[in-house]
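All remarks here apply to the structure that follows.
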Amino acid sequence: AVFREISWYRENVPCMEACPVHTDSGRYVQLIASERYKDAFLVARSPNPLASVCGRICAAPCEDACRRHWIDDPVSIRPLKRFITEKFGAESSNPDTLLSLTKDTSDDGCQRSWHMSQMRDQDKVESSQKVAIIGSGPAGLACAHDLALKGYSVTIFEALEHAGGMLRYGIPEYRLPRGVIDREVSIIEKLGVEIRTNTPLTSEYNLKPLRKEGFEAFFLSVGAMQGRDLNIPGHEKDGVIKAVDFLLNLNRGYKVDLGRKVVVIGGGSVALDAARSAIREIYKPMDEIEATADSVVGQ
């Protein structure tokens, strides 16, 4: 008999291996099919502190790797994740379900060292050990979540007025409702994480003063809030705006004068977000557009 390492078996589950946090998506899809919705949620949430967010905006590399694609179409893994997070996730009427993972509940999926249940069962550090996290975007929130589970005293320092980083200030609200972000953040705060907003690091208030406050370690998650210039003549002229800057301004409530005709350079997620946001800015609210479309269809 040939005995394989567990890694060999994991590598042969392409949807799980394609996921950046190796969520056992095949397992929670099976559990949903069996109407074991709570168990499915625990499998989806255990390795992923932001499962409710990912159920809406994840690029879904698991679907690209899905073996069902070889037959007809890949399984709709991301919408199924949203389905179960709406039942039991931070945005649901049962948000405390996931907190049971910090107690004595284990998920039914493939276990990894960073799963909530695994971290819960590890020896905790002394709570006096303080960690400062600079930035409250997805990396900072995930780091705070995991360190809190391990028993560290964690404080997040955020320069802007709300937590979320580019989740809040880079992604349009029609794609990621702000209430979902707020509830994801609230769950992390319930684990004991403190978040100090409107507290940027400066030349005066930097890592040295934080050390004096008792912080022994730092995680720098300052994000990627700067777009790239095009390497072509005229990129610096009036009327040329980086898509990232455009979205940051809109999501912070500032008016951006676009004129009547807009050209978007690029075809990635940021470009599409910018294009769809520009339509909303130039023309009229989407509810009016949809109502007009409905009336045309009705005719």
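Throughout, residue positions are numbered sequentially from 1 according to the sequence presented.
Closest approach of A163 and T197 over heavy atoms only: N-CG2, 4.2 Å. Closest non-hydrogen pair, N48 versus L50, comes out as OD1-N, 2.9 Å. In plain terms, the two heavy atoms of T85 and S92 that are nearest each other are O-CB, 3.8 Å. The minimum heavy-atom distance linking C15 with C62 is given by the pair O-CB, 3.6 Å. Considering every non-hydrogen atom in both I133 and S221, the closest pair reads CG2-OG, 3.7 Å. When all heavy atoms are compared, the tightest approach of T23 to V43 is CG2-O, 4.1 Å.
A heavy-atom distance below 4.5 Å is found between the side chains of P14 and R67. Using a 4.5 Å heavy-atom threshold, the side chains of I171 and E173 count as separate. The closest side-chain heavy-atom distance from L167 to I57 is below 4.5 Å. Looking at L247 and P172, their side chains come closer than 4.5 Å, going by heavy atoms from C-beta outward. Two residues are said to be in side-chain contact when any heavy atoms from C-beta on lie closer than 4.5 Å; V131 and K150 fail this criterion. The shortest distance between side-chain heavy atoms of Q226 and L248 does not fall below 4.5 Å. When side chains are defined from C-beta on, P79 counts as touching E63, because their heavy atoms get closer than 4.5 Å. Residues H22 and E17 are in side-chain contact: their nearest non-hydrogen atoms beyond the backbone lie under 4.5 Å apart.
Hydrophobic clustering (ILVMFWY, side-chain heavy atoms < 4.5 Å, transitive): L272 and V264 are in distinct clusters. Clustering ILVMFWY residues whenever any of their side-chain heavy atoms sit less than 4.5 angstrom apart, transitively, puts V256 in the very cluster that holds I279. Using a 4.5 Å cut-off between side-chain heavy atoms of Ile, Leu, Val, Met, Phe, Trp and Tyr, with links allowed through other members, V263 and I232 fall into the same hydrophobic cluster.
Remark: F83 pairs with I32, Y37, K87 by the side-chain contact (heavy atoms from CB on, under 4.5 Å) rule, at least two apart or across chains. Residues that satisfy the ring pair (Phe, Tyr, Trp, His ring centres under 6.0 Å) test with F246, not counting sequence neighbours, are absent from this structure. Partners of E86 by side-chain contact (heavy atoms from CB on, under 4.5 Å), not counting sequence neighbours, listed by chain and number: R56, R82, E91. For D273, the salt bridge (charged side-chain N to carboxylate O under 4.0 Å, His left out) partners are R175, not counting sequence neighbours.
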So E236 and D238, side-chain contact (heavy atoms from CB on, under 4.5 Å) or not? Walk me through it. CA-CA 7 Å; E236 76 287 351; D238 290 343; over 6 Å; no

Audit row: V75, L80, side-chain contact (heavy atoms from CB on, under 4.5 Å) steps and yes/no: CA-CA 9 Å; V75 176; L80 288 171; 4.0 Å; yes

E184 vs V53, side-chain contact (heavy atoms from CB on, under 4.5 Å): CA-CA, chis, key distance, verdict: CA-CA 8 Å; E184 291 272 52; V53 168; 3.8 Å; yes

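Separation of atoms CG (D146) and CG (L191) is listed at 9.5 Å; rounding is to 0.5 Å. Of the inter-residue distances, the one linking M166 atom CE with N251 atom CG reads 8.5 Å to the nearest 0.5 angstrom. Atom CG of L31 is separated from atom CG of L42 by 9.5 Å, given to the nearest 0.5 angstrom. Summarising the geometry, atom CD1 belonging to I181 is positioned 13.5 Å from atom OG belonging to S186; distances are rounded to the nearest 0.5 Å. We find the CD1-CD distance between I156 and E194 to be 10.0 Å, quoted to the nearest 0.5 Å. From K81, atom NZ reaches atom OG of S76 across 13.5 Å, with rounding to the nearest 0.5 Å.
The pair D182-R168 meets the salt-bridge criterion, with a side-chain N (NZ, NE, NH1 or NH2) lying under 4.0 Å from an Asp/Glu carboxylate O. A salt bridge links D72 and R68; the closest N-O separation between the charged side-chain nitrogens and carboxylate oxygens is under 4.0 Å. Between K130 and E213 there is no salt bridge, since no side-chain N of the basic residue sits under 4.0 Å from a carboxylate O of the acidic one.
The neighbour count for H235 NE2, taken as heavy atoms of other residues, nucleotides or ligands under 6.0 Å away, is above 12. For N198, the CG atom sits in a packed shell: over 12 heavy atoms of surrounding residues, nucleotides or ligands are nearer than 6.0 Å.
Under a 4.5 Å side-chain heavy-atom criterion applied to ILVMFWY residues, the cluster that includes M16 comprises V13 as well. Other residues sharing a hydrophobic cluster with L207 under the 4.5 Å side-chain heavy-atom criterion for ILVMFWY residues are I134, F157, L201, Y205, L210, F215, F218, L220, V222.
In terms of modelled atom types and a separation under 3.5 Å, the side chain of S153 and the main chain of Q129 share no donor-acceptor contact. In this structure, the side chain of Y169 does not engage the main chain of G164 through any donor-acceptor pair within 3.5 Å. Without hydrogens or angle criteria, E281 side chain to L258 main chain gives no donor-acceptor distance under 3.5 Å. Remark: side-chain polar atoms of R276 are not paired, donor with acceptor, to backbone N or O of A274 under 3.5 angstrom.
Both tests do not hold together for R45 against F88: distance to the six-membered ring centre under 6.0 Å, angle to the ring axis within 45°.
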